[in-house]
Amino acid sequence: MAADDRKYTKEHEWVMVEGDVATVGVTDYAASELGDVVFLELPEAGSPVTQGDAVGTIETVKSVEDLFSPVTGEVIEVNEDVLDAPETVNASPMDGGWLFKVRLDGDADLDELLTADEYQALIGG
């Protein structure tokens, strides 16, 4: 079930906004569909990101998938824990498995994202 306290993308990422900071991760659905995550490439702190652009990769035992930024702004923090233990993304995708935080460049991007109900409909929930 998609949590109501965040927004979602069609690429199965979630965004939780607190003030002008957005925390980004992948959804439970994505984590289960991807399979066991074995390696992550994430954007570096200080780097600019633009909504919809590929900013890294998620490597699983089955494939390598692009990771897209759901918002525009500057990366201010990367979750080092998931870099050291990528399986955290599978174990706790909606909490401890968050990927990076972005200081938002305005909030217009948020209007482009899906609500929890819209995301549930997308994945057939």
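The residues of the chain are indexed from 1 along the displayed sequence. Source: prediction; values computed, not measured.
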(message) How long is the straight-line distance from CG of Leu114 back to NZ of Lys7, given to the nearest 0.5 Å?
(response) 8.5 Å
(message) When you measure from the side chain of Thr9 to the backbone of Glu11, do you find a donor-acceptor pair of N or O atoms at a distance under 3.5 Å?
(response) yes
(request) Looking only at non-hydrogen atoms, find the nearest pair between Pro86 and Val38 and report the distance. (result) CG-O, 3.4 Å
(message) Would a single hydrophobic cluster contain both Val75 and Val55, if residues Ile, Leu, Val, Met, Phe, Trp and Tyr are joined by side-chain heavy-atom contacts under 4.5 Å?
(response) yes
(message) Pairing donors with acceptors under 3.5 angstrom, does anything connect the side chains of Tyr119 and Thr27?
(response) yes
(message) When you measure from the side chain of Glu13 to the backbone of Leu67, do you find a donor-acceptor pair of N or O atoms at a distance under 3.5 Å?
(response) no
(message) Looking at Asp28 and Ala2, would you say the former's side chain and the latter's main chain have a donor-acceptor pair under 3.5 Å?
(response) no
(request) Please determine, by modelled atom types, if Thr72 and Asp105 share a side-chain donor-acceptor pair under 3.5 angstrom. (result) no
(request) Spell out, as yes or no, whether a donor-acceptor pair under 3.5 Å connects the side chain of Asp20 to the backbone of Arg103. (result) no
(message) If we check side-chain contact (heavy atoms from CB on, under 4.5 Å) with Trp14, which of these qualifies: Thr23, Asp5, Val26?
(response) Thr23
(message) For the backbone of Ala3 and the side chain of Tyr8, can you confirm whether one donor and one acceptor N or O come within less than 3.5 Å of each other?
(response) yes
(request) Output the distance between atom NE2 (His12) and atom CD (Glu33), rounded to the nearest 0.5 Å. (result) 7.5 Å
(message) Quick check on the hydrophobic clustering: are Leu110 and Val102 connected, directly or via other members, by side-chain heavy-atom contacts under 4.5 Å?
(response) yes
(request) With Val78 as reference, evaluate Leu83, Leu99, Leu40 under the side-chain contact (heavy atoms from CB on, under 4.5 Å) test and give the passing residue. (result) Leu83
(message) Please tell me whether Met94 and Leu42 are part of a single hydrophobic cluster in this structure, the criterion being side-chain heavy atoms less than 4.5 Å apart.
(response) no
(request) Find the distance between CD (Glu41) and CG (Asp66) and round it off to the nearest 0.5 Å. (result) 9.5 Å
(message) Checking Val82 against Val37 for the side chain to side chain contact (heavy atoms under 4.5 Å, CB included) test, could you report, in this order, the C-alpha distance in whole Å, the side-chain angles of both residues, the deciding distance, and whether it holds?
(response) CA-CA 10 Å; Val82 298; Val37 177; over 6 Å; no
(request) Answer with yes or no whether the hydrophobic clustering places Val15 together with Ile76; edges join I, L, V, M, F, W, Y residues whose side-chain heavy atoms lie under 4.5 Å apart. (result) no
(message) For residues Leu113 and Ile123: do they belong to one hydrophobic cluster (side chain heavy atoms under 4.5 Å, members Ile, Leu, Val, Met, Phe, Trp, Tyr)?
(response) no
(message) Whether the side chain of Trp98 engages the backbone of Val24 through a donor-acceptor N/O pair (distance < 3.5 Å, no angle test) should be reported.
(response) no
(request) Check whether any side-chain heavy atom of Ile58 sits under 4.5 Å from a side-chain heavy atom of Val89, and report yes or no. (result) no
(message) Would the distance check show the side chain of Thr60 and the main-chain N or O of Lys62 forming a donor-acceptor pair, the cut-off being under 3.5 Å?
(response) yes
